[in-house]
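Down below is the structure, laid out as structure tokens.
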Amino acid sequence: MKRSDFPANFIWGTATSAYQIEGAVSEDGRGPSIWDTFSHTPGKTKGGDHGDVACDHYHRYPEDIALMKELGVNAYRFSVAWPRILPEGRGRVNPRGLDFYNRLVDALLEQGITPWATLYHWDLPQSLEDQGGWPSRETAYAFAEYADLVTRHLGDRVKHWITLNEPWCSAYLGYHAGIHAPGQQNFKHSIWASHHLLLAHGLAVPVIRRNVTGARVGITLNLSPGYPASPDPADVAAARRFDGFQNRWYLDPLYGLGYPADMLALYGEAPSVQGDDLITIAAPTDFLGINYYSRAVVRNSDLEPYRFQYVRVGEEHTDMDWEVYPEGLYDLLIRLGREYRPKAIYITENGAAYPDAVADDGGIHDLERVRYFQRHLALCLEALQHGAPLKGYFAWSLLDNFEWAEGYAKRFGLVYVDFPSQRRRIKASGYWFRDFLREAVVRP
Ligand SMILES: N=[N+]=NCCCCNC(=O)[C@@H]1[C@H]2[C@H](O)[C@@H](O)[C@H](O)[C@@H](CO)[C@@H]12
């Protein structure tokens with residue numbers, strides 16, 4: 001599998017997010033986010049890690065853009081930190097926050113790298129959480145105001161916009177499982193949060209189109225194909241419930257089908273739908289972003305409210321203990337193409353954590369990660385050849401960074417970061433990606 005097997009206009013990028021790499025959390029007027037609060041709450045993150053400094057990208061972005069250039073990517077997916085732009089979430093604008101993203105975007109364009117901006121990658125301004133957070137409908141309106149402000153300032157240069165990153169994580173991990181910020185464990189709040197996140201997306205789409213000539217707008221979902229642990233009908237039904245919980249709860253409303261009836265019945269909890277919400281949520285988009293990491297294998301369970309249980313399978317797992325299963329990406333792409341028919345699909349994140357270390361020769365020989373990328377890209381190509389509308393791929397991540405509740409212990413980067421010194425070192429996987437991308441360019 002070579003780069004030249006893919007269409008010549010295929011997008012090749014790397015991805016990051018603001019809270020995971022920027023640091024400078026109290027600099028130039030940035031306000032606190034729920035992840036500042038959560039990561040500084042004892043016991044919430046491994047080793048009490050937080051994003052106060054992270055990769056110091058706020059100051060080192062020129063060096064990081066030079067790394068992207070060296071890797072040969074033609075696009076870069078980053079997120080805008082809402083609390084840098086609107087420190088209280090709404091109202092007072094922080095011009096120095098906007099200035100940072102102006103500098104970042106200008107520096108990317110100068111290097112011929114297309115900026116892809118995610119408006120929300122989990123760093124909700126704390127003051128909005130204090131007023132109810134995503135379980136409150138007001139937060140959806142605040143997001144639309146934020147989207148309006150950012151796209152009015154960057155929309156002349158940034159044409160690719162992702163409204164939300166993984167609303168499932170924000171709603172389920174943040175408000176029901178409680179392992180992500182804000183750390184609530186309230187099923188009803190997680191259902192309301194999921195609705196207001198989707199509503200926020202739907203309200204923002206027309207705003208972005210109004211502000212950005214030639215905008216390409218989409219949303220990024222973390223989707224996992226669910227497989228039954230056995231042919232037992234109870235396990236098959238459990239896999240269908242998992243699919244509703246993880247995938248269809250978001251895909252169906254986004255593609256005009258409303259919330260899945262089987263899940264509404266299972267949950268017995270209706271989202272706080274009002275008026276034309278479902279029409280708003282189904283605003284036509286230009287692409288679907290998919291973050292793919294692994295599949296799920298499940299069996300039946302009486303455990304309420306989801307009534308499935310994960311089953312650990314497979315021979316190969318990453319440092320996150322996620323099964324390496326590239327076939328799941330193929331199955332997902334083919335299904336999405338057939339069942340939801342998005343205009344375009346971009347893999348907005350795919351990658352793996354491994355316990356990287358600097359070898360005696362100074363290199364980082366992350367050959368497992370090289371294999372991970374090779375196998376997943378091969379199946380991307382196969383899905384594309386079988387009709388999936390796949391138009392691009394962003395590797396997660398450019399840099400080792402703050403891996404949420406796992407802190408800095410889990411490394412996903414193509415580039416190794418020695419956090420005490422902030423020294424960057426391209427890993428074997430980064431060099432592999434660079435050579436893969438160079439193939440089509442230097443081809444005689
Ligand atoms: N099996 N299993 N999975 C449990 C839940 C997986 C969902 N987590 C993600 O998709 C996050 C996504 C995020 O955008 C990024 O900010 C994170 O750094 C990466 C790596 O973690 C991924």
Side-chain angles (χ1 to χ4, degrees), residues 166-169 171-173 176-180 187 190 194 220-252 260 262-263 265-267 288 290-340 345 347-355 368-369 371-380 382-383 386 388 390 396 403-406 410 412:
E166 303 193 348
W168 179 90
C169 285
Y172 172 66
L173 298 181
H176 192 206
I179 60 175
H180 276 195
F187 176 63
S190 74
S194 68
T220 276
L221 303 177
N222 57 300
L223 302 175
S224 288
Y227 304 81
S230 80
D232 179 336
D235 288 348
V236 173
R240 182 74 182 154
R241 287 194 294 273
F242 165 81
D243 182 55
F245 158 72
Q246 179 82 53
N247 305 320
R248 290 181 288 119
W249 186 261
Y250 296 92
L251 287 166
D252 286 14
D262 61 329
M263 300 312 290
L266 177 71
Y267 291 166
L288 173 63
I290 299 175
N291 291 355
Y292 178 81
Y293 288 93
S294 184
R295 68 166 168 175
V297 175
V298 300
R299 63 162 168 243
N300 184 35
S301 160
D302 296 335
L303 209 63
E304 293 294 342
Y306 308 110
R307 296 188 33 234
F308 68 80
Q309 201 165 7
Y310 293 106
V311 175
R312 190 175 189 279
V313 296
E315 303 307 312
E316 230 186 310
H317 297 80
T318 70
D319 205 23
M320 296 293 279
D321 202 31
W322 297 347
E323 183 195 6
V324 178
Y325 192 74
E327 296 78 3
L329 181 49
Y330 175 86
D331 292 347
L332 180 65
L333 288 169
I334 295 299
R335 177 213 179 164
L336 290 169
R338 288 183 185 151
E339 282 187 34
Y340 295 93
I345 294 175
I347 305 290
T348 39
E349 286 179 32
N350 177 239
Y354 287 106
E368 284 180 299
R369 187 177 284 106
R371 278 284 298 140
Y372 182 99
F373 281 122
Q374 288 172 328
R375 292 173 64 192
H376 285 77
L377 283 172
L379 286 162
C380 282
E382 204 175 318
H386 293 170
L390 184 63
W396 184 269
E403 179 46 40
W404 307 112
E406 298 296 327
K410 303 299 179 196
F412 277 87

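The chain is numbered in sequence order, starting from 1. Side chains are part of it too, since the values below use all heavy atoms of this structure and drop only hydrogens, waters and symmetry mates.
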task = Mark yes or no for whether N350, through its side chain, and Y292, through its backbone, hold a donor-acceptor pair below 3.5 Å.
result = yes

task = Could you grab the distance from atom OH of Y354 to atom NE2 of H317, nearest 0.5 Å is fine?
result = 10.5 Å

query = So, F245 versus H176, ring centres under 6.0 angstrom or not?
reply = no

message = Are W249 and Y267, when compared by the centres of their aromatic rings, separated by less than 6.0 Å?
response = yes

inquiry  = Is there a side-chain contact between Y340 and D252 in this structure, where contact means two heavy atoms from C-beta onward sitting under 4.5 Å apart?
reply    = yes

note = Rounded to the nearest 0.5 Å, the OH atom of Y250 sits from the CG atom of L221 at a distance of 9.0 Å

ask   = When rounded to the nearest 0.5 angstrom, what distance separates CD in E382 from CD in E327?
value = 9.5 Å

query = Rounded to the nearest 0.5 Å, how far apart are CZ of R240 and CG of D262?
reply = 6.0 Å

ask   = Going from OH on Y330 to CZ on R335, what distance comes out if it is rounded to the nearest 0.5 angstrom?
value = 15.0 Å

ask   = Does E368 have any side-chain hydrogen bond (donor to acceptor under 3.5 Å, both in side chains) partners at least two apart in sequence or in another chain, and if so, which?
value = none

request  = Give the ring-plane orientation class for F412 versus W322, where under 30° counts as parallel, over 60° as perpendicular and anything between as tilted.
outcome  = tilted

message = Between S230 and D235, is there a side-chain donor-acceptor contact under 3.5 Å, judged purely by atom types and distance?
response = yes

request  = Measure from the side-chain N and O atoms of R295 to the backbone N and O of E323, and report whether any donor-acceptor pair falls under 3.5 Å.
outcome  = no

Show me the side-chain donor-acceptor pairs of residues 296-303 shorter than 3.5 Å, one per line, residues at least two apart or across chains.
from : atom 1 : to   : atom 2 : distance (Å)
N300 : OD1    : R241 : NH2    : 2.8
S301 : OG     : L303 : N      : 2.8

